[in-house]
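Worksheet: the structure to be examined is printed underneath.
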Amino acid sequence: MVFIVDFKVKDQKLAPQGALLVEWAAKHMPVLAQIRTRFEKEKPLANFTVAACLHVTKETAVLAETLKAAGARVALCGSNPLSTQDEVAAYLATKGINVYAWRDQTTEDYFWCINKVLDYKPQVTLDDGADVVGTLHKERKDILDNVIGGTEETTTGVIRLRAMEQDGALKYPIIAVNDAYTKYLFDNRYGTGQSTIDGILRATSILLAGKYFVIAGYGWCGRGLAMRAKGMGAKVVVTEIDPTKALEAVMDGFNVMPMIEASKIGDVFVTLTGNKSVIRKEHMQKMKDGVIIANSGHFNVEINIPDLEKMSKSMRTLRPNLVEYTLNDGRKLHLLAEGRLVNLAAAEGHPSEVMDMSFANQALSTEYLVKNSGLVTRVYRVPKEIDELVASLKLKALNVEIDELTNEQKKYLATWDAGTI
Ligand SMILES: NC(=O)c1ccc[n+]([C@@H]2O[C@H](COP(=O)([O-])OP(=O)(O)OC[C@H]3O[C@@H](n4cnc5c(N)ncnc54)[C@H](O)[C@@H]3O)[C@@H](O)[C@H]2O)c1
């Protein structure tokens, strides 16, 4: 099939720079490379259209090219108004991807792009935050029948989709890529841990050693960030609402306290909860002069920015992604990247090595949906075979070998009558 390529990017002349970025990412994504080689031969997605709403980064470009190599028509938009790498978007446009993405979008631009990719009447959707699924179910019901399934990349999206499933509102099956072990154990933990620090440092260039570093949310992302901040010499404080996670943070050696107490001592604050108004007026009233506040959770609602604006008499941009708010009482609070995902807006998102596994799950789950069309409508975990395959391929790429069960061990693990000898 011949596809006509339409796209909208910031500047097509950036394509050669984008090509170098994508080449660099691809070198660090050996699992996806192996999948692509197979897809090129087997063309499992021939005659399928995929609509993807993902952060348009160099790693996403490698995924988009993998899906195209499988025979799919790929329409791509960004999953955040601030996370698109314009060089990468320009490059993808030269590679036959229908890309609608640029950095610094208004909310209107953002949903225009989502609607553009939906105009391709996709059979499969790839989402990061469930905005495509939301738009399809609310505003584009006319093309819902065409969709056989979708995937979801992040925790927040999975939460939204499970809520839709519970309400009986979900109209097609979704594979929760986020919930694969080879996704959240590495992407959410090591990816967010490292890249959130990267974003904060690029935006501020501060020293972390000796600073009180407050982390809201001790889930997979929060754990990763706490581990890395501690490694940089910061004094880590955790806030939680879940007693088990809070206890885990205590046993991991961190100070745990309510946000209202942490507000009094923190130098740097980062939210990673998937919740809203985690930092709000009552907290900002207690903060010290000069603090830095950032978010690495999916949506820009974790920090109550309207509260901050109401409390401020002026604001100015000091550096890219760093805005100083002067409060009515004279204190200055610094907000990074407009409260959007700091690792993507102020840095480059997760390292390619991590996205290799997340996107291997995306590619294989897309193939699974196409091969198993007719699945009952609900939110599925990534099939175990796919999760294990991704782990095995990654180990192989890292030249790490592991043991195999002997027949005696297999038998032992399958019996119930063996006990104390
Ligand atoms: N920055 C990135 O690149 C990136 C990557 C993966 C996930 N995410 C996003 O990060 C967020 C967290 O993801 P996760 O996988 O760690 O989720 P998770 O469910 O494992 O952890 C979230 C934690 O936040 C806690 N929490 C909820 N409300 C809170 C509150 N008011 N105060 C303190 N803690 C609170 C929960 O108890 C939970 O332990 C989600 O929005 C997810 O989509 C971002």
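Treat the numbers as computed from the prediction; the structure is a model and nothing was measured. Each ligand, and each atom within it, is numbered from 1 in the order the structure gives.
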- prompt: Relative to each other, are the rings of W24 and H28 parallel, tilted or perpendicular (30° and 60° limits)?
  reply: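 The rings of W24 and H28 stand perpendicular, inter-plane angle above 60°.
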Open item on the list: Ring-plane angle category for Y100 and W112, please: parallel below 30°, perpendicular beyond 60°, tilted otherwise.
Closed with: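 Rings of Y100 and W112: perpendicular, over 60°.
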If you measure from CG on L393 to CD on E388, what distance do you get to the nearest 0.5 Å?
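The CG atom of L393 sits 12.0 Å away from the CD atom of E388.
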query: Taking atom CD of E139 and atom CD1 of I114, what is their separation to the nearest 0.5 Å?
result: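 These two atoms lie 9.5 Å from each other.
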Considering only heavy atoms of [X], which atoms of ligand 1 have at least one such atom less than 4.0 Å away?
| X | result |
| --- | --- |
| T154 | 6 (C), 7 (C), 8 (N), 9 (C), 42 (C), 43 (O) |
| W220 | 16 (O), 20 (O) |
| T192 | 1 (N), 2 (C), 4 (C), 5 (C), 6 (C) |
| T156 | 40 (C), 41 (O), 42 (C), 43 (O) |
| D242 | 37 (O) |
| G274 | 11 (C), 40 (C), 41 (O) |

Are [X] and [Y] close enough for a salt bridge, meaning some N to O gap below 4.0 Å?
| X | Y | value |
| --- | --- | --- |
| K183 | D179 | no |
| K10 | E87 | no |
| D267 | K235 | no |

Got the closest protein heavy atom to [atom], with its distance?
| atom | result |
| --- | --- |
| atom 44 (C) of ligand 1 | S296 O, 3.2 Å |
| atom 22 (C) of ligand 1 | T273 O, 3.6 Å |
| atom 18 (P) of ligand 1 | G219 CA, 3.9 Å |
| atom 12 (C) of ligand 1 | L272 O, 3.5 Å |
| atom 9 (C) of ligand 1 | H298 N, 3.6 Å |
| atom 37 (O) of ligand 1 | E240 OE1, 2.8 Å |
| atom 3 (O) of ligand 1 | N343 ND2, 2.8 Å |

Any N or O of [X] closer than 3.5 Å to N or O of ligand 1:
| X | result |
| --- | --- |
| N275 | yes |
| E302 | no |
| K183 | no |

- request: May I ask you to identify, for K245, whether its side chain, its backbone, both or neither come under 4.0 Å of ligand 1 on a heavy-atom basis?
  value: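 It is the side chain that touches ligand 1; the backbone stays farther off.
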Heavy-atom contacts under 4.0 Å between H350 and ligand 1: side chain, backbone, both, or neither?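 Side chain only.
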Among [options], whose heavy atom sits nearest [atom]?
| atom | options | value |
| --- | --- | --- |
| atom 6 (C) of ligand 1 | G217, C221, G297 | C221 |
| atom 15 (O) of ligand 1 | D187, L225, T155, V301 | T155 |
| atom 26 (N) of ligand 1 | N80, I241, T239 | I241 |

Considering non-hydrogen atoms only, spot the tightest contact between [X] and [Y] and give its length.
| X | Y | answer |
| --- | --- | --- |
| V5 | G96 | CG2-CA, 3.7 Å |
| A75 | Y120 | CB-CD1, 3.6 Å |
| V124 | G150 | CG1-CA, 4.4 Å |
| C221 | L272 | CB-CD2, 3.6 Å |

| Does R340 count as lying over the ring of F299, i.e. NZ or CZ under 6.0 Å from the six-ring centre, within 45 degrees of the axis? |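 Judged by the rule (NZ or CZ under 6.0 Å from the ring centre, within 45° of its axis), R340 is not positioned above F299.
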Is the distance between the ring centroids of Y172 and H137 under 6.0 Å?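 For H137 and Y172, the ring centres are under 6.0 Å apart.
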